[in-house]
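The figures here come from the full heavy-atom set of this structure, side chains too, leaving out hydrogens, waters and symmetry mates. The residues of the chain are indexed from 1 along the displayed sequence.
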Amino acid sequence: MAQIKPISYFKANAAEIIRTIGERPGPFIITQNGEAKAVLVDYDSYEEQQETLALLKILALGQQQVREGKTRPADEVFEELKQRWPVD
């Protein structure tokens, strides 16, 4: 569950907030003038999000290449790989 605090609270309690994020992962939303302006997350969650984003980008690129007809039959690719790296 996200915690929402104003920036003034963050300024006064930064160390406590960092400790809390480490103990209870989840987004910590910082507001300014009543509007959400920043989100703090623990490092592990951030890394997981970055990995997920990278995989989604790869998937989107693959879908784009399929739409553009930039594909080859699998048997052709496997044959090329066998020629490059023969198995003894």
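I21 is not connected to I29 by any chain of hydrophobic side-chain contacts under 4.5 Å among Ile, Leu, Val, Met, Phe, Trp and Tyr, and they are in different clusters. Hydrophobic cluster membership differs between I4 and I30, with clusters built from Ile, Leu, Val, Met, Phe, Trp and Tyr side chains linked at under 4.5 angstrom. By the rule that hydrophobic residues join a cluster once side-chain heavy atoms approach within less than 4.5 Å of another member, I7 and F28 end up as members of one cluster. Grouping the Ile, Leu, Val, Met, Phe, Trp and Tyr side chains by contacts below 4.5 angstrom, directly or via other members, places W85 with F78. Linking Ile, Leu, Val, Met, Phe, Trp and Tyr residues whenever their side-chain heavy atoms come within less than 4.5 Å leaves F10 and V41 in two separate clusters.
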Applying side chain to side chain contact (heavy atoms under 4.5 Å, CB included) to Q49 and L53, what does each step give before you reach the verdict? CA-CA 6 Å; Q49 289 173 357; L53 226 114; 5.7 Å; no
Between R67 and Q64, does a side chain to side chain contact (heavy atoms under 4.5 Å, CB included) hold up when you go through it step by step? CA-CA 5 Å; R67 282 192 303 273; Q64 179 182 354; 3.6 Å; yes
Output, in order, the C-alpha distance, side-chain angles, deciding distance and verdict of side chain to side chain contact (heavy atoms under 4.5 Å, CB included) for E79 and E76. CA-CA 5 Å; E79 187 58 39; E76 182 182 304; 5.9 Å; no
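Inter-residue side-chain proximity for L59 and Q63 is flagged as met; some heavy-atom pair is nearer than 4.5 Å. With a 4.5 Å cut-off on side-chain heavy atoms, Q83 and E80 do not count as touching.
Minimum heavy-atom separation, V39 to P27: CG1-CB, 3.9 Å.
The environment of Q65 atom CD is dense: over 12 non-hydrogen atoms of other residues, nucleotides or ligands sit within 6.0 angstrom.
Considering only residues two or more places apart in sequence or on other chains, E23 meets the salt bridge (charged side-chain N to carboxylate O under 4.0 Å, His left out) condition with none of them. With sequence neighbours excluded, no residue forms a salt bridge (charged side-chain N to carboxylate O under 4.0 Å, His left out) with K5.
Expressed to the nearest 0.5 Å, how far OG of S45 lies from CD of Q50 amounts to 11.5 Å. Put simply, CG on D42 and CD1 on I18 are 10.0 Å apart, with the number rounded to the nearest 0.5 Å.
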